[in-house]
Colleague: 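Dumping the structure here so I can ask a few things about it.
Every chain is numbered from 1 and lettered A, B, ... according to where its sequence line falls, protein lines coming before strand lines. What you see is a predicted model; the values in this text were computed from it and never measured.
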Protein chains: 2
Amino acid sequence: MVMNKNCIIRLSRYKNALYRLQALGFVKVFSDNLADSVGVTASQVRKDFSIFGISGNKKGGYQIDALLEKINSILGKDQPQKVIVIGAGHIGSALMRYRGFEKEGIRIIAGFDIDPAKINRSAPVPVFPLEETKAFIKTNNIRIAILAVPDIAAQQALDLICAAGIKGVLNFAPLRLHAPDTVTINYVNLEIELENLIYFVSVEEKTGKGQVEK
Amino acid sequence: MVMNKNCIIRLSRYKNALYRLQALGFVKVFSDNLADSVGVTASQVRKDFSIFGISGNKKGGYQIDALLEKINSILGKDQPQKVIVIGAGHIGSALMRYRGFEKEGIRIIAGFDIDPAKINRSAPVPVFPLEETKAFIKTNNIRIAILAVPDIAAQQALDLICAAGIKGVLNFAPLRLHAPDTVTINYVNLEIELENLIYFVSVEEKTGKGQVEK
DNA sequence: ACCATATTGTTACTTTTTTCACAATAATGT
DNA sequence: ACATTATTGTGAAAAAAGTAACAATATGGT
C-alpha cells in the first residue's frame, strides 16, 4: 500500500464534499462527480479509494452513506477527539473560542500558558498554568496538541508535551521543530501562505501568466 | 526553469531560518546548515537556489545578508503588501487583530462583512459593509484577500472580489472554489490538518509505527 | 434472458519531484 | 606558488505521485 500524507488530506476533502452532496439529497456518487467537487481527477479518486480498500459498484458508483462511514472510520472519527492548546496568545485563544472544530468531532478541552495573567480555570475552555500540562495530558490521556507559542518557546514546549505522551502536534511556530519520530508534527504558517500568494500574484503581473506552475 | 509551489514555500522557510541564523550572529551559511534548519537535504537547497539563479561561493557558502536580500526580492517583500479580509467572524476578526503579519511586511488594512452589527469604521482595522468591497479594492489597488466567510457564502464572495480585481486569495472555507486561472487560491483548513494528525496518531497506535510514510 | 452501456479497479505509463554524484572551483595552509 | 580540501552548481538517476487506459463487471432496458 503506497500511501502518503496528501492521500489522507484528499480523504478529508472527499469526506467534506460527500457531506455536501448528501445534504443536496444525493444517495450515490461516481468517482468523476467527487473528483469535480474536490478538484482532482477521477483516476485519483479511485486510486485513493483502492489504497484504503474502499470499493464501489461497477456501473453503480459509491453509496454515499456507506462511503462516509468508511472514510470516517479511516480518519478516526468514530470517537470524539480531545485536543489541548499550548499558548493562550492571539492564535491560541482564537482557536479556543473557535467552535468550528466541534462539528468535526474535535474538542479543545483546555489551554495552557506560562503567563499567570492568562490563567482562567473557569472559562468554557479553561486555561491552566504551563506546569500542569504534563499531569493533565497523562490523566486525560491526550494525544494531540496545538502548539501556539512564540518561536523561542516552541521547541521547549514541544519537548515537554512529547515527554508527557503527546503523539501529534499542530504547530503554528514558524520554524522546524525536532521530536522523536513517533510524534507527527504538522505545520501551519499563514505568513508563508500569504507570501506564496504574493509571489504568484507578482510573477503574474510581470509575465502576464502562463509561465508558472502551481 | 522548473519551479513549483513547494519551491516557493521552501524559499520562505529558508528566509525564516536565515533570519534566525543572522540573529545568532552568523554571517555566512552553507547549504547543509540551511538544510538542517529547514529540514530538507542540502541538494534540495542548492537546487532551489539554482532555479532562482541564486549563487554562492565555492567553498565559501552563501553570504547571509546578500542571500536574504535576494530571497526577499524574489518573494516580493521589497514593498509592503496590503491585504483585506472578507468576513469578520471568528477567524476573520482574529486575523485582523493578529499583529504577526506586520513583521513580514504584510498589512491587513480592512475587513468586510455582510452583517451590519460587525461594521466598525473606526477600529484599528476598520470593518466595512460588504457592498463597499469592490470600490475599496479598486481605489486602494488591492491584489490579495483573505476569505473567511461561511461555506455557503464563499463562492459568491470570491466572484465578487475577483470581479473587483483581486488576484490572490487565502481561503479558509472548507471547499474547492472556482475562479479564473489568473487568480491564485491557497487553501487553509485547520480541521483537515487536525484530522490528518488524528489519522497518523491512530495508525501509529495500531501498528506500532514504521509503516506509514509522511 | 440477453445486450448494450456505464463505471469501477488496477496495471502500465507519464510526469514531477527529489536525491545522488561529481566536475568545477574558490579558499586555506604550507 | 602549489597542493589540498571544502563546497557549490548541475545533469543524470531514482523515487514518488499522478494520469491514462482498459479489462472486468454490474445495471438497466428491451
Colleague: For the pair made of CG in Asn4(A) and P in dA15(D), what is the distance, rounded to whole Å?
Modeller: 17 Å

Colleague: Can you give me the closest heavy-atom contact between Leu170(A) and Leu197(B), atom names plus distance?
Modeller: N-CD1, 3.5 Å

Colleague: Expected output is a numbered-order residue list: members of residues 7-24 of chain A with a heavy atom under 4.0 Å from any atom of DNA chain D. What is it?
Modeller: Arg10(A)

Colleague: Would you confirm whether the ring centroid of Phe172(B) sits within less than 6.0 angstrom of the ring centroid of Tyr187(B)?
Modeller: no

Colleague: Salt-bridged, Glu104(A) to Lys77(A), with N to O below 4.0 Å?
Modeller: yes

Colleague: Just how far, in rounded Å, is P of dT18(C) from CG of Asp48(B)?
Modeller: 8 Å

Colleague: Applying side chain to side chain contact (heavy atoms under 4.5 Å, CB included), name anything that partners Ser50(B), two or more places apart in sequence or on another chain.
Modeller: none

Colleague: Considering only heavy atoms, which members of residues 66-74 of chain A lie under 4.0 Å from some atom of DNA chain D?
Modeller: none

Colleague: Flag the pair Ile146(B) / Leu95(B) as yes when at least one side-chain heavy-atom distance between them is below 4.5 Å, and no otherwise.
Modeller: yes

Colleague: List in chain and number order the residues that pass side chain to side chain contact (heavy atoms under 4.5 Å, CB included) with Tyr98(B), two or more places apart in sequence or in another chain; answer none if no residue qualifies.
Modeller: His90(A), Ile91(A), Glu191(A), Phe101(B)

Colleague: Can you list everything that forms a side chain to side chain contact (heavy atoms under 4.5 Å, CB included) with Lys82(B)? Sequence neighbours excluded, please.
Modeller: Ile109(B), Ile142(B)

Colleague: Does a donor on one side chain sit under 3.5 Å from an acceptor on the other, for Glu193(A) and Asn189(A)?
Modeller: no

Colleague: Find out whether Val40(B) and Leu34(B) are in side-chain contact, i.e. whether some heavy atom of one side chain is under 4.5 Å from a heavy atom of the other.
Modeller: no

Colleague: Quick one: which protein N/O atoms are closer than 3.5 Å to N/O atoms of nucleotides 5-8 of chain C? Pair and distance per line, please.
Modeller:
residue: dT5(C); atom: O2; partner: Lys59(A); partner atom: NZ; Å: 2.8
residue: dT7(C); atom: O4'; partner: Lys59(A); partner atom: N; Å: 3.3
residue: dT8(C); atom: OP1; partner: Ser31(A); partner atom: N; Å: 2.9
residue: dT8(C); atom: OP2; partner: Ser31(A); partner atom: OG; Å: 2.7

Colleague: Using whole Å, what does the distance between atom C1' of nucleotide dA16(D) and atom CE of Met3(A) come to?
Modeller: 14 Å

Colleague: Between the base of dT19(D) and the side chain of Lys47(A), is there a donor and acceptor pair under 3.5 angstrom?
Modeller: yes

Colleague: OP1, OP2 of dC20(C) versus side-chain N and O of Ser43(B): anything below 4.0 Å?
Modeller: no

Colleague: Under 4.5 Å between any side-chain heavy atoms of Leu175(A) and Val38(B), yes or no?
Modeller: no

Colleague: Answer yes or no: does a side-chain N or O of Gln44(B) lie under 4.0 Å from OP1 or OP2 of dT19(C)?
Modeller: yes

Colleague: Round to the nearest Å and state the distance from Lys5(B) atom NZ to dT15(C) atom P.
Modeller: 23 Å

Colleague: How many angstroms lie between CD in Gln44(B) and CZ in Arg10(B), if you round to the nearest 0.5 Å?
Modeller: 3.5 Å

Colleague: Starting from P on dG9(C), measure out to CZ on Phe52(A) and report it in whole angstrom.
Modeller: 15 Å

Colleague: Just the rounded figure in Å: distance from C1' of dT18(C) to CZ of Phe49(B).
Modeller: 16 Å

